[in-house]
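Inspection log for the structure reproduced underneath, given as structure tokens.
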Amino acid sequence: MIIVMRQGASKEELTEVKKRIKELGYKPHVIHGETRNVIGAVGDERGKSILQSLESMPGVENVVPILKPYKLASKEVKPEQTVIEIVPGLSIGSDALVVMAGPCSVESEDQIIETALAVKSAGATVLRGGAFKPRTSPYSFQGMEEEGLKLLAQAREASGLPIVTEVVNPRDVELVARYADIMQVGARNVQNFALLKMLGQLGKPVLLKRGMATTIQEFLMSAEYVLSEGNRRVILCERGIRTFETATRNTLDISAIPVLREQTHLPIIIDPSHATGHASLVPSMCFASVAAGCDGLMVEVHPHPETAASDGPQSLRPEEFASMMSKLREFAAVAGRTL
Ligand code: PEP
Ligand code: MN
């Protein structure tokens, strides 16, 4: 239910309403609007009509049901676009596009530091790199684990770029959170609800990737798991879905950008590397994504793609990334964004 407070309702009235929501067994999530506050009351769908009684409390204008199955992720609860502060001085969801770039996997100190410095000088503002890798085969490289996290921290130190890295298993959440600025949930874990709930209790931004067979509604329900635990900093990432097409690794669902834009206030980024699987296709998908209104990109970059431990064929060389970024700046300007 959405509890719409009157314009000018007092702080005390808001506190009383929150208290009553809790007494009724629901969780209040206050969204501070420009002219008035609203409270999203979420919890067991079955008994929610009891919340209607809040309408008679001082300061309450009305109580309306949230029609979508996802609540806190919906524009019904929060019509204004969410801007998430990643680290002081860097936000996502505003006019400034955020480009996250780096290798698929962290492989060595030289590799990650060289890549960090190169992507930074090309204009990336976040460094990506996997230390825990969710691989299709148990015989493929599984990542450097904590050693990889330490190298990422060194690369952050050397470049000044915040880091995004994946957490694959709920038991590693605390460990990854000690190093990461953004916690990435990979496509294969989009419905790992235990993991999502843990990340919802953490005070770090979460980059949630769409699963390869996840509908947009299911994707937003996964975001809702994080939001409903109290973490409002969720970034959505479209990374291609599985279709009958085999020319590309996945099929990039560009229309997910405007569709999500209509449904949610959360920032949306695109990963054209995992979507296409081919480095040559990455730049055009970046341009298209910016034209379609994304808030940022995640691009795989490797100094030597031919020897990469994972995803070499889809990784741009640093010079290819730099050239793509300089063209992207022109597209961004036309789309009313900065880079
Ligand atoms: C990744 O970004 O490293 C990754 C494994 O991507 P995805 O989860 O989208 O397959
Ligand atoms: Mn990869």
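Owing to the predicted nature of the structure, the values given are computational and were not obtained by experimental measurement. Read the numbers this way: they start at 1 and go in the same order the structure lists the ligands and their atoms. Along the sequence shown, residues carry numbers from 1.
A salt bridge between E238 and R210 is present, with a side-chain N of the basic residue lying under 4.0 Å from a carboxylate O of the acidic one. By the 4.0 Å N-to-carboxylate-O rule, E224 lies too far from K71 to be salt-bridged with it.
For atom 4 (C) of ligand 1, the closest non-hydrogen atom on the protein side is H274 NE2, 3.5 Å. R239 NE, 2.6 Å is the protein heavy atom nearest to atom 9 (O) of ligand 1. For atom 5 (C) of ligand 1, the closest non-hydrogen atom on the protein side is E166 OE1, 3.7 Å. Atom 6 (O) of ligand 1 has its closest protein heavy atom at K209 NZ, 3.0 Å.
Atoms of ligand 1 lying under 4.0 Å from at least one heavy atom of R188, given by number and element, are 7 (P), 8 (O), 10 (O). Listed by atom number, the atoms of ligand 1 under 4.0 Å from G186 heavy atoms are 8 (O).
Counted within 6.0 Å of NZ on K204, heavy atoms from surrounding residues, nucleotides or ligands total more than 12; the atom is thus considered enclosed. Heavy atoms of other residues, nucleotides or ligands lying less than 6.0 angstrom from CZ of R6 number more than 12.
Taking any N or O of K133, backbone or side chain, at least one lies under 3.5 Å from an N or O belonging to ligand 1.
No other N/O/S atom of E300 lies as close to the Mn ion (ligand 2) as OE2 does. When distances from the Mn ion (ligand 2) to the N, O or S atoms of D311 are compared, OD2 comes out shortest. Within H274, the N/O/S atom positioned nearest the Mn ion (ligand 2) carries the name NE2.
Closest heavy-atom approach to atom 8 (O) of ligand 1 among the candidates A187, G130, S105: A187.
Using a distance-only test at 3.5 Å, with no hydrogens or angles considered, no donor-acceptor pair links the side chain of S140 to the main chain of T136. At least one donor-acceptor pair closer than 3.5 Å links the side chain of Q111 to the backbone N or O of S105. In this structure a side-chain-to-backbone donor-acceptor pair under 3.5 Å is missing from S273 to V299.
Contacts of M212 with ligand 1, taken as heavy-atom pairs under 4.0 Å, are absent altogether.
Taking 4.5 Å as the limit, every side-chain heavy atom of V126 sits out of range of all side-chain heavy atoms of D181. Considering only heavy atoms from C-beta on, Q191 stays 4.5 Å or farther from L196 through its side chain.
Heavy-atom separations between R210 and ligand 1 are all 4.0 Å or longer.
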